[in-house]
Amino acid sequence: MYIVLVAIMIVQGILLMKGANKRRADRIKYEDQDRALARAVADNLDLNKRLSDIKYDYDRQQEIADEIQRTQQQIGLLKHDMKNHTLVILSYLEEDKTEEAKRYAGEILDKLNRMYTYVNIGNSLLSYILNSKLSLAKEQGVEIKAEIENLPFSYMDSVDFSSLLNNMLDNAVCAALHSRRKKLEVNIASKKGIDVITVRNSIDGSVLDKNPELKSSKEEPGHGYGIKQIKTIAEKYNGNVDIYENKEMFIISVMLLFVPI
């Protein structure tokens, strides 16, 4: 009888061990499946992000191509009509209609100003953003001064570059429009291996005195909007942001230095 009990206990022990081993194996299997699922989800999210970035880049390039095509068409039409415009002005002058000739010439100059191209360089994204933003600002009465070097910014993702430059220009244009002098200056240059984007806009009073943290507010249109995003992008490319004021001008300067890891 004792031997039978011992045998039963041994069998039960073996069964318990097998059960424990099976549960342990199942747990390891499920954990492996969970890890595989997590990796698959992460890979899928990364793939979706890359697909989204590719789509954004494609859409941006398409916008640039469309804008270039529209500009070329406008220039072509104006060139085609220039002979006729000249004949009209000459006819006014021959009839001593000086005021009519001046008015007609002014209308032609207005058309030329609306089609004005600030930059036409190798960096198509830089050209597109500057031309579209500055042309719109000029149409709204902002006096523009732009000094642009042909810099590729090839180390930057196009999404980051677009966000950085658009935020800087949107802030400055909005603020300039609310100032008395309505002035905007853009300088993009490379200095000792550092790419520097500097945007200046006129102000009627100190913005930093009233709003040192540059928090977006209705009282100070433009300033503060997107500053956090600008700083985040600058830091990503080993750069920094300098914000200051000088002679009734609000100035934001972004210095970028890409260092490969």
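Heavy atoms only: backbone and side chains are in, while hydrogens, waters and symmetry mates are out.
Residues satisfying the side chain to side chain contact (heavy atoms under 4.5 Å, CB included) test with Leu177, not counting sequence neighbours, are Gln140, Val142, Val173. Judged as a salt bridge (Lys or Arg N to Asp or Glu O under 4.0 Å), and not counting sequence neighbours, the contacts of Asp160 are Lys236. The side chain to side chain contact (heavy atoms under 4.5 Å, CB included) test applied to Glu143 returns Lys183, not counting sequence neighbours. Residues forming a side chain to side chain contact (heavy atoms under 4.5 Å, CB included) with Thr232 (at least two apart in sequence, or on another chain): Lys228.
At least one side-chain heavy atom of Val88 sits under 4.5 Å from a side-chain heavy atom of Tyr92. Two residues are said to be in side-chain contact when any heavy atoms from C-beta on lie closer than 4.5 Å; Val186 and Lys145 fail this criterion. The closest side-chain heavy-atom distance from Tyr237 to Leu257 is not below 4.5 Å. Counting heavy atoms from C-beta outward, Glu149 and Ser190 have side chains that approach closer than 4.5 Å. The closest side-chain heavy-atom distance from Tyr155 to Asn238 is not below 4.5 Å. Taking 4.5 Å as the limit, every side-chain heavy atom of Arg200 sits out of range of all side-chain heavy atoms of Leu184. Considering only heavy atoms from C-beta on, Ile203 stays 4.5 Å or farther from His178 through its side chain.
Counting heavy-atom neighbours within 6.0 Å of Lys231 NZ, excluding the residue itself, gives a total of 12 or less.
Listed by first and then second residue, the salt bridge (Lys or Arg N to Asp or Glu O under 4.0 Å) pairs that reach into residues 85-98 are Glu95-Lys97, sequence neighbours excluded.
Rounding to the nearest 0.5 angstrom, the gap separating the CD1 atom in Ile129 from the CG atom in Leu164 is 9.0 Å. For the atom pair CG (Asn187) and CD1 (Ile197), the distance works out to 10.0 Å, reported to the nearest 0.5 Å.
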Atom pairs and distances, side-chain donor-acceptor, residues 239-256, under 3.5 Å, sequence neighbours left out:
from, atom 1, to, atom 2, distance (Å)
Glu245, OE1, Ser206, OG, 2.8
Glu245, OE2, Val207, N, 2.7
Glu245, OE2, Leu208, N, 2.9
Ser253, OG, Thr198, OG1, 3.0

message: Pair Leu130, Ile148 - check side chain to side chain contact (heavy atoms under 4.5 Å, CB included), show working.
response: CA-CA 10 Å; Leu130 286 173; Ile148 314 297; 3.8 Å; yes
message: Before you tell me yes or no, could you show the steps for Asp195 and Phe153 under side chain to side chain contact (heavy atoms under 4.5 Å, CB included), namely the whole-Å CA-CA distance, both residues' side-chain angles and the distance that decides it to 0.1 Å?
response: CA-CA 8 Å; Asp195 293 338; Phe153 292 98; 3.7 Å; yes
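Side-chain atoms of Ser135 and Asn131 include no donor-acceptor pair closer than 3.5 Å. In this model, no donor atom of one side chain and acceptor atom of the other lie less than 3.5 Å apart for Asn167 and Gln229.
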